[in-house]
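First up is the structure itself, then whatever we jot down about it.
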Amino acid sequence: MKKAICFLLSAGTVLAGCSKEDIFSSSNNGSTSSSTPSSDTDTYEEEEDDISKTTFDRTITIVWDGSGASVSGDAKGVVTVNGADVTVDNTKTTEKVKYELSGSSTSGSLKIYSNNKQALVLSDLSLTNPSGAAINNQGKKRCFIVLSGTSSLADGSSAAYAATGEEDLKAVFFSEGQLIFSGSGSLTVTANNAQGKAGITSDDYVRIMDSPSIKITAGSGAGHGLRGKDAVAIDGGSLDVSVSANMKKGIASDSLVVLNGGVTTVKATGGTAYDSEDAEYKASAGVKADQVFKMNGGSLTVTNSGQGGKGITGDAVAYFNGGTVKVTVTGSNYGSSSSGGGGRFGQGNSSSDNSKSAKAIKFDGDIHFNGSTVSASASSHEAIESKGAMSITDGVVYAQSSDDAINSAKDMTITGGSVCAYSTGNDGIDANGNMYIKGGLVYAIGASSPEVAFDANTEGGYKLYLTGGTIIAIGGLENGSSLSQNCYSASSWSKNTWYSITVGSTTHAFKTPSNGGSGLVVSGASQPTVQSGVTASGGDDVWNGMGVLDCSVSGGQTVSLSAYSGGQGGPGGGGFGPGGRH
């Protein structure tokens with residue numbers, strides 16, 4: 001089995017020299033059932049991805065000039081030129097060659113055959129191949145891509161991508177081996193074809209290091225934006241990806257997608273269509289990782305307006321360990337049963353084979369929030385959904401949707417962090433197993449009865465277990481909850497009003513929604529003090545403007561609290577007058 005380079009865990013580290021089986025058998029890194037977050041230990045430095053660690057035997061310069069190209073430094077005669085189409089055959093030498101590429105052509109290409117490591121230095125290169133790939137690397141060793149100046153690669157709208165023998169032709173910039181981007185220049189890649197070919201693809205892995213700026217645009221007939229079969233790892237730089245075809249993904253991997261740094265923006269506008277090859281309906285996505293998704297650092301912004309489209313999705317497990325994530329999904333659901341999903345005791349899925357729901361963050365395995373700042377919104381379905389278990393131990397999580405804001409098919413455990421789940425049409429937080437709240441600050445907003453703020457699947461014999469933390473619930477708690485910590489009902493609550501909750505010496509502010517279920521219920525390690533109509537100062541703004549953590553407040557009136565009697569909360573309505581956040 002070919003070795004897979006496995007990027008994991010901490011920023012700037014990778015796990016090398018291991019098979020996929022090795023990775024998924026330890027530390028729960030690939031488990032789809034464990035509810036325990038992975039360990040950040042046992043990592044290895046992958047120095048070979050650092051171009052400074054490689055000594056090159058020769059530098060060959062290739063300059064395109066319209067309909068032709070000139071070559072210098074080729075003492076071994078590995079380069080041939082046919083018009084503006086350049087072919088490198090370095091299979092008969094052991095030299096590691098650096099190719100310096102510059103100039104421009106609207107009818108040119110570069111194809112490389114090599115058994116050795118190599119580097120491509122793109123220095124103000126503009127290369128368009130109307131017939132297919134602008135750069136086609138058939139070598140299976142590391143290919144370093146160093147960006148200098150401003151470069152661009154493109155294909156043509158009628159590009160046929162005619163294959164030669166068994167060669168793969170999958171992208172405007174295609175490589176059989178690893179693609180490792182570095183440097184401080186920029187690269188724009190445009191996929192204009194109607195053949196479903198991507199912008200950048202490696203049949204091994206793609207890694208972005210240092211501070212390059214990469215922009216990828218894939219048209220309505222093209223394919224994915226950036227795809228690494230074994231992994232996509234982003235350590236730095238700037239990556240901007242736009243895809244517009246049905247079913248296609250902005251960033252995709254059959255295995256791992258890991259962000260350790262940099263600024264990444266993904267926009268998807270394509271919807272759902274039938275894939276005749278796989279005989280199933282598929283939706284578009286901003287980011288899709290078939291095995292493991294890890295957000296360790298940097299920033300990731302994803303938007304998807306396609307019907308049935310997803311923001312960030314995967315077939316297995318996800319870890320949000322650090323960095324900032326913002327996902328906005330505005331598309332409608334797709335399929336004959338697309339309006340289904342959610343429900344008090346459902347798992348948010350329709351049974352229809354052609355139904356695809358538009359969700360912001362959705363994984364078939366477990367989801368672990370361990371330190372990222374996450375904002376997820378979906379206008380037609382769940383904002384955050386796990387088909388396995390879910391844990392929140394640290395970080396900030398905001399979810400807003402017309403369905404369940406946060407949903408897990410199995411147990412959900414919250415031990416830390418600050419969470420806001422706001423549903424305008426269903427439960428705020430819904431676990432189809434047990435829900436354990438042991439710590440943290442959790443603000444949940446459910447829609448009107450029978451929906452609630454915190455919902456566990458009582459029909460399945462499960463419960464909400466509250467043993468710690470600070471909670472704010474608009475819409476009340478699920479009947480039959482096990483409340484080891486005292487809860488209190490407010491006499492009333494007002495819409496669009498700033499409130500404060502003080503537990504011990506800590507004060508947080510929260511804004512009530514424009515609509516929501518009846519009853520305001522609060523709980524803390526000691527009896528909270530709640531005020532209405534306050535103005536907050538200092539602290540940290542969170543939850544898309546709906547909360548301020550660890551702040552001071554002024555003004556307002558004290559809200560009368562009484563012991564919570566269970567059920568779905570007390571009466572709503574009433575009011576104290578609005579406050580404001582300075």
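One finds the CD1 atom of Ile414 at 7.0 Å from the CE atom of Met435 (value rounded to the nearest 0.5 Å). One finds the NZ atom of Lys248 at 12.0 Å from the OG atom of Ser220 (value rounded to the nearest 0.5 Å). Taking CD1 of Ile312 as the reference point, atom NZ of Lys362 lies at 14.0 Å (rounded to 0.5 Å). Rounded to the nearest 0.5 Å, atoms CD1 (Ile406) and CD (Gln400) are 11.5 Å apart. To the nearest 0.5 Å, atom CG of residue Leu549 and atom CG of residue Leu441 are 6.5 Å apart. One distance of note links OH of Tyr161 with OG of Ser131; it measures 10.0 Å at 0.5 Å rounding.
Under 4.0 Å is where a charged nitrogen must lie from a carboxylate oxygen, and between Glu382 and Lys359 at least one such pair does. With salt bridges taken as basic N to acidic carboxylate O contacts below 4.0 Å, none links Lys229 and Asp203. Under 4.0 Å is where a charged nitrogen must lie from a carboxylate oxygen, and between Asp315 and Lys288 at least one such pair does. Asp49 and Arg207 are joined by a salt bridge, as a carboxylate oxygen and a charged side-chain nitrogen come within less than 4.0 angstrom of each other. The pair Asp254-Arg227 meets the salt-bridge criterion, since a charged nitrogen lies less than 4.0 angstrom from a carboxylate oxygen.
Ser481 places a side-chain N or O within donor-acceptor distance of the main-chain N or O of Glu478, the cut-off being under 3.5 Å. Side-chain atoms of His224 come within 3.5 Å of backbone atoms of Lys249 as a donor-acceptor pair (strictly under, hydrogens ignored). Under the 3.5 Å distance criterion, the side-chain polar atoms of Ser380 are matched with a main-chain donor or acceptor of Gly331. For the pair Tyr398 (side chain) and Met546 (backbone), a donor-acceptor distance under 3.5 Å is absent. Lys197 places a side-chain N or O within 3.5 Å of a backbone atom of Leu169 that can act as its donor or acceptor partner. Between the side chain of Asp427 and the main chain of Val452, a donor-acceptor pair closer than 3.5 Å is present. Under the 3.5 Å distance criterion, the side-chain polar atoms of Ser379 are matched with a main-chain donor or acceptor of Thr330. Panel note: side chain Gln138, backbone Asp168; a donor-acceptor pair is recorded below 3.5 Å. For Ser372 (side chain) and Val374 (main-chain N/O), no donor-acceptor pair under 3.5 Å exists by modelled atom type. In terms of modelled atom types and a separation under 3.5 Å, the side chain of Thr512 and the main chain of Asn496 share a donor-acceptor contact.
Each of Asn260, Thr393, Asn370 was evaluated against Asn321; a single residue qualifies, Asn370, per the side chain to side chain donor-acceptor pair (under 3.5 Å) test. Among the candidates Ser213, Ser238, Ser152, the single residue satisfying the side-chain contact (heavy atoms from CB on, under 4.5 Å) test with Ser186 is Ser213. None of Val329, Asn426, Asn333 except one satisfies the side-chain contact (heavy atoms from CB on, under 4.5 Å) rule with His381; the exception is Asn333. Of the candidates Ile180, Ile214, Leu179, Leu179 is the only one forming a side-chain contact (heavy atoms from CB on, under 4.5 Å) with Ile145.
Ser401 and Ala383 get closest at one heavy-atom pair: CB-N, 3.7 Å. In plain terms, the two heavy atoms of Asn192 and Ala154 that are nearest each other are ND2-CB, 4.3 Å. The two residues Asn304 and Gly270 come nearest to each other via the heavy atoms OD1-O, 3.9 Å. Taking every heavy atom of both residues into account, Ala171 and Gly199 meet most closely at CB-O, 3.7 Å. Between Ser332 and Ala358, the closest heavy-atom pair is O-CB, 3.8 Å. Across Leu477 and Phe454, no two heavy atoms sit closer than the pair CD2-CD1, 3.4 Å.
Between Ile472 and Leu520, some side-chain heavy-atom pair lies under the 4.5 Å cut-off. Considering only heavy atoms from C-beta on, Leu153 stays 4.5 Å or farther from Thr190 through its side chain. Ile392 has its side chain out of reach of Thr415: every pair of non-hydrogen atoms, C-beta onward, lies at least 4.5 Å apart. Counting heavy atoms from C-beta outward, His368 and Val317 have side chains that approach closer than 4.5 Å. Counting heavy atoms from C-beta outward, Ile251 and Val257 have side chains that approach closer than 4.5 Å. In this structure, the side chains of Asn354 and Tyr274 stay at 4.5 Å or more apart for every pair of heavy atoms. At a threshold of 4.5 Å between non-hydrogen side-chain atoms, the residues Tyr443 and Val419 do not count as touching. Ile429 places a side-chain heavy atom less than 4.5 Å from the side chain of Val442.
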request  = With salt bridge (charged side-chain N to carboxylate O under 4.0 Å, His left out) as the test, would you mind laying out the steps for Asp275 and Lys282 before giving the verdict?
outcome  = CA-CA 7 Å; Asp275 186 333; Lys282 294 182 179 179; 3.0 Å; yes
request  = Check the pair Ile384, Met390 against side-chain contact (heavy atoms from CB on, under 4.5 Å), reporting the backbone distance first and the verdict last.
outcome  = CA-CA 10 Å; Ile384 300 175; Met390 186 181 299; 3.9 Å; yes
task = Kindly indicate, with the supporting measurements, whether the criterion side chain to side chain donor-acceptor pair (under 3.5 Å) is fulfilled by Ser255 and Asp230.
result = CA-CA 5 Å; Ser255 185; Asp230 288 344; over 6 Å; no
request  = Verify side-chain contact (heavy atoms from CB on, under 4.5 Å) between Tyr422 and Trp543, making sure each step is shown before the conclusion.
outcome  = CA-CA 10 Å; Tyr422 175 21; Trp543 304 336; over 6 Å; no
inquiry  = Walk me through whether Asn434 and Tyr465 qualify under side-chain contact (heavy atoms from CB on, under 4.5 Å).
reply    = CA-CA 7 Å; Asn434 289 315; Tyr465 292 90; 3.6 Å; yes
key: Worked check of ring pair (Phe, Tyr, Trp, His ring centres under 6.0 Å) between Phe369 and Tyr319   = CA-CA 6 Å; Phe369 294 96; Tyr319 299 92; over 10 Å; no
inquiry  = Applying side-chain contact (heavy atoms from CB on, under 4.5 Å) to Leu226 and Val206, what does each step give before you reach the verdict?
reply    = CA-CA 8 Å; Leu226 174 67; Val206 178; 3.8 Å; yes
query = Would Asn193 and Asp155 satisfy side chain to side chain donor-acceptor pair (under 3.5 Å), going step by step from the backbone distance to the final call?
reply = CA-CA 7 Å; Asn193 67 86; Asp155 62 5; 2.6 Å; yes
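Heavy atoms from other residues, nucleotides or ligands lying under 6.0 Å from OH of Tyr436 number more than 12.
The side-chain tip of Lys356 does not point at the ring of Tyr334 from less than 6.0 angstrom away and within 45° of straight on. Geometrically, Lys170 does not engage Phe174 in a cation-pi contact, judged by NZ or CZ lying under 6.0 Å from the ring centre and within 45° of the ring axis.
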